[in-house]
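Chain letters run A, B, ... following the sequence lines, proteins first and then strands; every chain starts at 1.
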2 protein chains.
Amino acid sequence: MRDDKFCNSNCPFTRAIGTIGNKWKPIIINVMGTRTIRFGQLDAIVPHISRKVLTEQLKELEQDGILERLAYKELPPRVEYRLSERGLAFLPILESIKEWQAKFEIFSPVEHN
Amino acid sequence: MRDDKFCNSNCPFTRAIGTIGNKWKPIIINVMGTRTIRFGQLDAIVPHISRKVLTEQLKELEQDGILERLAYKELPPRVEYRLSERGLAFLPILESIKEWQAKFEIFSPVEHN
DNA sequence: TATTCTGGTTACTAACAGGTAACTACAAAA
DNA sequence: TTTTGTAGTTACCTGTTAGTAACCAGAATA
């Protein structure tokens, strides 16, 4: 899933893209926002993601220090996720992407004839 | 390459991620910057990209109105690419990603023993 | 005459991503 | 006793992505 060529690049920007440059991670970070959220909630809220892929993405985000995982030793298990300082610092970037999209999106709805 | 689920989402943010949320596009946009650049130069400067993938990515970026393609009817052919207004407006976002990376990157160089 | 130049395209193949379904633990509730 | 609930993991299979090498036009150069 993660590309070693990117993550081990000597260019910091390339490493950054290796960390957050795929389609799921910005979506997950955006959904999390400033709240603490459980695995099942993420699974329900993030559209079209499978549990397997969600697990993988969360694991990588944790490894990259973008979120924190809090597992409570209960049964049934309870696991909470929340953004780290690094993850929270990424939220304004997502906001500017939203502004960019709103400002420049080309509206060309797909017609099905 | 492009994910229809993302591009046809009713969420603008999801559509934005569908447009620029992969590993090559931010790299290409960053390399282009404010200059006009030829296909061969991009191929030489962007590390590890194949001509095939570069062609595909450039085509999608053009379709999404992020860059402009200027083909001169010469032989041998000459094709120049440059960012559109929309593409140029994305550059500050890439700059803030660089700052974010510089501020928060965890240094854990891979050791090969 | 053969080679070089550019910006691709095409066919083939290898690698990877992602989906589905089944399975786990164990407690509480029905 | 069976079901429910959570947060995964695993095996299996398919579909997509990416890499490689060969090929193209057609003028200029050697």
Restricting to side chain to side chain contact (heavy atoms under 4.5 Å, CB included), what partner residues turn up for Thr19(A), sequence neighbours left out?
Asp64(A), Ile66(A), Arg86(A)
From CG of Leu58(B) over to P of dA18(D), roughly how many Å is that when rounded to an integer?
14 Å
When the side chains of residues 39-51 of chain A are checked against the rest of the protein, which donor-acceptor pairs come out under 3.5 Å, sequence neighbours left out?
{"from": "Gln41(A)", "atom 1": "OE1", "to": "Arg38(A)", "atom 2": "N", "distance (Å)": "3.0"}
{"from": "Asp43(A)", "atom 1": "OD2", "to": "Arg51(A)", "atom 2": "NH1", "distance (Å)": "2.7"}
{"from": "Ser50(A)", "atom 1": "OG", "to": "Val53(A)", "atom 2": "N", "distance (Å)": "3.3"}

Applying ring-ring contact (aromatic ring centres under 6.0 Å, His included) as the test, list every pair that has at least one member in residues 51-97 of chain B; sequence neighbours left out.
Trp100(A)-Phe90(B)
Counting just side-chain N and O atoms, does Lys5(B) come under 4.0 Å of either OP1 or OP2 of dG18(C)?
no
Euclidean distance, atom CG of residue Leu54(A) to atom P of dT6(D) [Å, nearest integer]:
15 Å
Please state how far atom CG in Asp4(A) lies from atom P in dA18(D), giving the value in whole angstrom units.
16 Å
Name every residue in residues 36-52 of chain B that has at least one heavy atom under 4.0 Å from any atom of DNA chain C, in order of residue number, or write none if there are no such residues.
Arg38(B), Phe39(B), Gly40(B), Arg51(B)
Taking only residues two or more places apart in sequence, or in another chain, which ones meet Arg78(A) in a side-chain hydrogen bond (donor to acceptor under 3.5 Å, both in side chains)?
Glu74(A), Glu80(A)
What pairs with Glu99(B) under side chain to side chain contact (heavy atoms under 4.5 Å, CB included), at least two apart in sequence or on another chain?
none
Answer yes or no: is there a side-chain heavy-atom contact under 4.5 Å between Glu60(B) and Lys25(B)?
yes
According to salt bridge (charged side-chain N to carboxylate O under 4.0 Å, His left out), who are the partners of Glu62(B), at least two apart in sequence or on a separate chain?
none
Below 4.0 angstrom from OP1 or OP2 of dT9(D), is there any side-chain N or O of Lys59(A)?
yes
Contact list for DNA chain D against residues 69-81 of chain A - heavy-atom distance below 4.0 Å
Arg69(A), Pro76(A), Pro77(A), Arg78(A), Val79(A), Tyr81(A)
Salt bridge (charged side-chain N to carboxylate O under 4.0 Å, His left out) partners of Lys98(B), counting only residues at least two apart:
Glu95(B)
Arg2(A) CZ to dA18(D) C1': how many Å, rounded?
20 Å
Spacing of Gln57(A) atom CD relative to dC16(C) atom P, expressed in whole Å
16 Å
